[in-house]
Amino acid sequence: MKILFYDTKSYDKESFEKQLANFPEVEIDFMKTDLAPKTAPLAKGFDAVCAFVSSDIGTETVEKLHEAGVKLILLRCAGFNNVDLEKAQEYGIKVMRVPGYSPEAVAEHAMALALGVTRRLHKAYVKVRENDFSLSGLMGFNFYQKTAGIVGTGKIGAAMARICRGFGMNVIAYDVYKNPDLDFVEYVSLDELLERSDLISLHCPLMDNTYHLINKETIAKMKDGVVLVNTSRGGLVKTDDLIEGIRARKFFGVGLDVYEEETKNVFEDRSDEMLEHSTTARLLSFPNVMITSHQGFFTEEALAAISETTLQNAVAFEKGESTGNEVVKQG
Ligand code: NAD
């Protein structure tokens, strides 16, 4: 099995090379360039491609991969909203992902962002470095006995719910399915969650019916002084409406590991560029907003699990076996 690995970073290469010793039947060519229509033809001669969250695996790319003879798209991530699944199915290209590599990695990062903005850690860090030991602008509030609203209680949402419970919070949630493991969670409607929560953390996938779930109308239903955290997908939040809400002082804090405009930024050093028309730059201008660049998954444990599961997916595909990690178009 020959895999062309797109968008390789040094940490990807390191963790996959470590795992390769256990998968002698797999051969990988690592490439820095990302998967897109222009780069898809490079996969000629490979059985599979390995791609990530910011890869463009839309209609054109899938067509080019089909022309190149690729039979398998290995996503080394959980999300698959960047793939044209219908096209892939039409061409008989299988798509496999890593559904639950380390839910705690993302949930812990969500709590880090929640705490970071609530206790103004991003400001405190800079102030103290400048020998400014005053507390002005750093007033926070306790999470203890406040209400956490979790949107989507799958693997990551459930881990976040447990963390919030550990903080002594009342945990409420909204999901289309109830998670039977979360007996301490009160399930409510989305409207009730928005109205009651002091902290709202988004953990549902990006789909047609969750696109811009957080918008002018839903923001209006939130409590004044709410903290919003998004570690799921940028498209869940309508950025212009979020900016309007921040300007209207709706939010105590906003922590974003993902945001609509992120694709060009994710994992790139753009420190020498002027981001003139950037909504990201506008978001960063607010003192109560903290942004990280899609690093929720980025722990040693998660990377090891990602490389292991991706290679298990590849081997299972070759043997004609199912791992349950196949992604198919619903409905
Ligand atoms: P999961 O599939 O285990 O859980 C998703 C949950 O969302 C399910 O319980 C599902 O029923 C629920 N859901 C579906 N539609 C919904 C809706 N309309 N409203 C409310 N809930 C809905 O997924 P997961 O492993 O917990 O991951 C959640 C998301 O986190 C992924 O879709 C991915 O986009 C994101 N993610 C981000 C990072 C990161 O580094 N920041 C890493 C991994 C995953």
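What you see is a predicted model, and the numbers here were worked out from it, not measured in a lab. All ligand and atom numbering here is 1-based and tracks the order in the structure. Values below: every heavy atom of this structure, side chains too, minus hydrogens, waters and symmetry copies.
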Please indicate whether any nitrogen or oxygen in [X] is less than 3.5 Å from any nitrogen or oxygen in ligand 1.
X: Y177; result: no
X: D257; result: yes
X: D175; result: yes
X: G154; result: yes

Region of [X] engaging ligand 1 - heavy atom pairs below 4.0 Å:
X: T153; result: backbone
X: I156; result: both
X: M207; result: side chain
X: A105; result: neither
X: T210; result: side chain
X: H203; result: backbone

Side-chain hydrophobic cluster, 4.5 Å single linkage: members besides L182: M111, L113, L115, V117, F141, F143, I150, M160, I163, F167, M169, V171, F184, V185, Y187, L199, V227, V229, F252, M290
Nearest neighbour of atom 32 (O) of ligand 1 from the list G235, A302, P205, G100, on a heavy-atom basis: P205
Candidate with minimal heavy-atom separation from atom 40 (O) of ligand 1, of Y211, Y174, F297: F297
Restricting to non-hydrogen atoms, name the atom on [X] and the atom on [Y] that form the minimum distance, rounded to 0.1 Å.
X: K64; Y: P41; value: CD-CG, 4.0 Å
X: P99; Y: A78; value: O-CB, 3.7 Å
X: S15; Y: L303; value: OG-O, 3.9 Å

Non-hydrogen atom of P99 closer than 4.0 Å to ligand 1: yes
Within-shell test, F298 vs ligand 1, heavy atom, strictly < 4.0 Å: no
Would you indicate whether the side-chain heavy atoms of [Y] and [X] approach each other to under 4.5 Å?
X: H109; Y: Q295; answer: yes
X: Y6; Y: F52; answer: no
X: I93; Y: I73; answer: yes
X: F5; Y: K13; answer: no

Non-hydrogen protein atom less than 4.0 angstrom from atom 3 (O) of ligand 1: yes
Pair F23 and F16, ring centroids less than 6.0 Å apart: no
Y11 ring center within less than 6.0 Å of F298 ring center: yes
Polar contact flag, side-chain donor to acceptor under 3.5 angstrom, T310-N313: no
Identify the protein heavy atom lying closest to [atom], giving its residue, its atom name and the separation to 0.1 Å.
atom: atom 42 (C) of ligand 1; answer: Y101 OH, 2.9 Å
atom: atom 38 (C) of ligand 1; answer: T231 O, 3.7 Å
atom: atom 31 (C) of ligand 1; answer: S232 OG, 4.1 Å
atom: atom 36 (N) of ligand 1; answer: R233 NH1, 3.8 Å

Subset of ligand 1 atoms that lie under 4.0 Å from at least one heavy atom of G296: 40 (O)
Same apolar cluster: L228 and V188, side chain cutoff 4.5 Å: yes
